[in-house]
Amino acid sequence: MFDLTLTFDNGPEPGVTPRVLDILRERGIKTTFFVIGEKLGDAERRRLAARAHDEGHWIGNHTFTHTVPLGQQRDPDAAQNEIGRTQAAIGELAHAKRWFRPFGGGGNLDERLLKPSVVDYLTRNKHSCVLWNAIPRDWDDPDGWAERALEQCRSQPWSLMVLHDLPSGAMDHLERFVDSAEKAGARFRQDFPAECVPIRCGEIVRPIESYVSSIEESTRQ
């Protein structure tokens with residue numbers, strides 16, 4: 001037996017997200033969709049985010065452009081441009097805890113994630129920072145990720161897994177993965193392991209030093 005929280009990053013995508021939502025609804029699984037802010041400017045993608053919200057999924061913030069990790073951006077306004085604009089785009093679909101997931105540049109949990117001004121922004125605006133502990137790399141291996149994901153689930157008591165509702169073909173295997181996980185004893189849940197949420201509602205509750213770059217210090221020198 002193991003606990004499993006599924007999350008989906010980088011959408012919504014018209015050709016993919018509807019099927020993902022169908023699969024989750026058929027199985028009664030609730031998740032979080034960490035959306036890209038600029039995608040919500042498209043009416044169809046906005047409707048998909050609204051559908052996810054209406055079906056009980058949480059909508060989180062995954063930056064506006066998803067281009068350069070925040071810990072590598074020298075722009076002093078990066079937090080507002082990437083997080084603030086996305087939160088505004090999410091609008092009434094936002095969760096009360098203002099979930100934010102940083103972009104790791106390929107699933108990396110290191111100082112690429114944040115920088116001091118971003119941490120200040122998150123705390124000042126009462127955001128919660130949601131990381132992860134299971135990355136099956138579905139974007140890199142669209143046909144083979146499901147087996148790796150199941151191995152990751154079996155290796156720890158509670159997996160917070162990152163998947164991507166993108167048109168890579170990876171989500172063609174979502175149904176098979178979910179069914180396999182259920183047969184293996186998965187207890188699906190929507191909340192997050194405490195160790196994966198170092199900032200909660202603006203309060204730093206776990207060490208974050210390893211996720212914060214010194215890029216702004218080097219810029220000032």
A.B. asks: If hydrophobic clusters are built from ILVMFWY residues whose side chains come within less than 4.5 Å, do Val212 and Val118 share one?
C.D. replies: yes

A.B. asks: Please name all residues satisfying salt bridge (charged side-chain N to carboxylate O under 4.0 Å, His left out) with Arg189, sequence neighbours left out, ordered by chain then number.
C.D. replies: Asp3, Asp191

A.B. asks: Supply the atom-to-atom distance Leu114 CG to Leu122 CG, rounded to the nearest 0.5 angstrom.
C.D. replies: 6.5 Å

A.B. asks: Using a 3.5 Å distance criterion without hydrogens, assess whether the side chain of Arg112 forms a donor-acceptor pair with backbone atoms of Ser213.
C.D. replies: no

A.B. asks: Step by step, would you call Trp99 with Ser128 a side-chain contact (heavy atoms from CB on, under 4.5 Å)?
C.D. replies: CA-CA 5 Å; Trp99 306 125; Ser128 300; 3.5 Å; yes

A.B. asks: Between Ser168 (side chain) and Ala170 (backbone), is there a donor-acceptor pair under 3.5 Å?
C.D. replies: yes

A.B. asks: For Gln190 and Thr32, which I'm curious about, is there any donor-acceptor pair between the side chains at under 3.5 Å?
C.D. replies: no

A.B. asks: Under a 4.5 Å cut-off applied to non-hydrogen side-chain atoms, are Leu109 and Trp132 in contact?
C.D. replies: yes

A.B. asks: Can you tell me if Thr65 and Glu82 form a side-chain donor-acceptor pair at under 3.5 Å?
C.D. replies: yes

A.B. asks: Go through the structure and list residues passing side chain to side chain contact (heavy atoms under 4.5 Å, CB included) with Thr17, not counting sequence neighbours.
C.D. replies: Pro12, Glu13, Leu21, Phe33, Leu48, Asp165

A.B. asks: How many angstroms lie between atom SG of Cys129 and atom CD1 of Ile204, to the nearest 0.5 angstrom?
C.D. replies: 10.0 Å

A.B. asks: Working to the nearest 0.5 Å, report the span between CD of Glu151 and CD of Gln156.
C.D. replies: 12.5 Å

A.B. asks: Ignoring hydrogens and angles, tell me if any N or O in the side chain of Asp141 forms a donor-acceptor pair with the backbone of Gly144 under 3.5 Å.
C.D. replies: yes

A.B. asks: Tell me which pairs pass ring-ring contact (aromatic ring centres under 6.0 Å, His included) where either residue lies in residues 61-93, with sequence neighbours left out.
C.D. replies: His62-His66, His66-Phe103

A.B. asks: Rounded to the nearest 0.5 Å, how far does CD1 of Ile135 lie from CG of Asp140?
C.D. replies: 11.5 Å

A.B. asks: Could you tell me whether the side chain of Thr5 and the main chain of Leu160 form a donor-acceptor pair under 3.5 Å?
C.D. replies: no

A.B. asks: If you measure from the Lys or Arg side-chain nitrogens to the Asp or Glu carboxylate oxygens, is any gap between Lys97 and Glu203 under 4.0 Å?
C.D. replies: no

A.B. asks: Under the side-chain contact (heavy atoms from CB on, under 4.5 Å) rule, what do Phe8 and Phe34 come out as? Steps first, then yes or no, please.
C.D. replies: CA-CA 6 Å; Phe8 295 87; Phe34 287 95; over 6 Å; no

A.B. asks: How about Leu131 and Val197: do any of their side-chain heavy atoms sit closer than 4.5 Å?
C.D. replies: no

A.B. asks: How long is the straight-line distance from OG of Ser214 back to CD of Glu111, given to the nearest 0.5 Å?
C.D. replies: 6.0 Å

A.B. asks: Do Trp158 and Cys153 have side-chain heavy atoms sitting under 4.5 Å apart?
C.D. replies: no

A.B. asks: Show, in sequence, the C-alpha distance, side-chain angles and deciding distance for Arg19 and Glu175, and conclude whether the salt bridge (charged side-chain N to carboxylate O under 4.0 Å, His left out) test is met.
C.D. replies: CA-CA 10 Å; Arg19 180 58 185 145; Glu175 193 167 19; 3.0 Å; yes

A.B. asks: Within the distance-only criterion (no hydrogens, no angle test), does the side chain of Asn108 pair as donor or acceptor with the backbone N or O of Gly105 below 3.5 angstrom?
C.D. replies: yes

A.B. asks: For Val68, is there any backbone N or O sitting under 3.5 Å from a side-chain donor or acceptor partner on Gln73?
C.D. replies: yes

A.B. asks: Not counting sequence neighbours, which residues clear side chain to side chain contact (heavy atoms under 4.5 Å, CB included) with Asn125? List them please.
C.D. replies: Arg98, Tyr121, His127

A.B. asks: side-chain contact (heavy atoms from CB on, under 4.5 Å) between Ile90 and Val35: does it pass, once the steps are laid out?
C.D. replies: CA-CA 8 Å; Ile90 293 170; Val35 300; 4.0 Å; yes

A.B. asks: Under the rule for salt bridge (charged side-chain N to carboxylate O under 4.0 Å, His left out), what residues qualify as partners of Arg51, not counting sequence neighbours?
C.D. replies: Asp22, Glu55

A.B. asks: To the nearest 0.5 Å, what is the distance between CD1 (Ile208) and CD1 (Ile199)?
C.D. replies: 4.5 Å

A.B. asks: Applying salt bridge (charged side-chain N to carboxylate O under 4.0 Å, His left out), name anything that partners Asp120, two or more places apart in sequence or on another chain.
C.D. replies: none

A.B. asks: Provide the closest heavy-atom pair for Leu24 versus His57 in the form atom of the first, atom of the second, distance.
C.D. replies: CD1-CE1, 3.6 Å

A.B. asks: With no hydrogens and no angle check, do the side chains of Asp9 and His164 hold a donor and an acceptor under 3.5 Å apart?
C.D. replies: no

A.B. asks: Under 4.0 Å between a Lys/Arg side-chain N and an Asp/Glu carboxylate O for Glu182 and Arg187?
C.D. replies: no

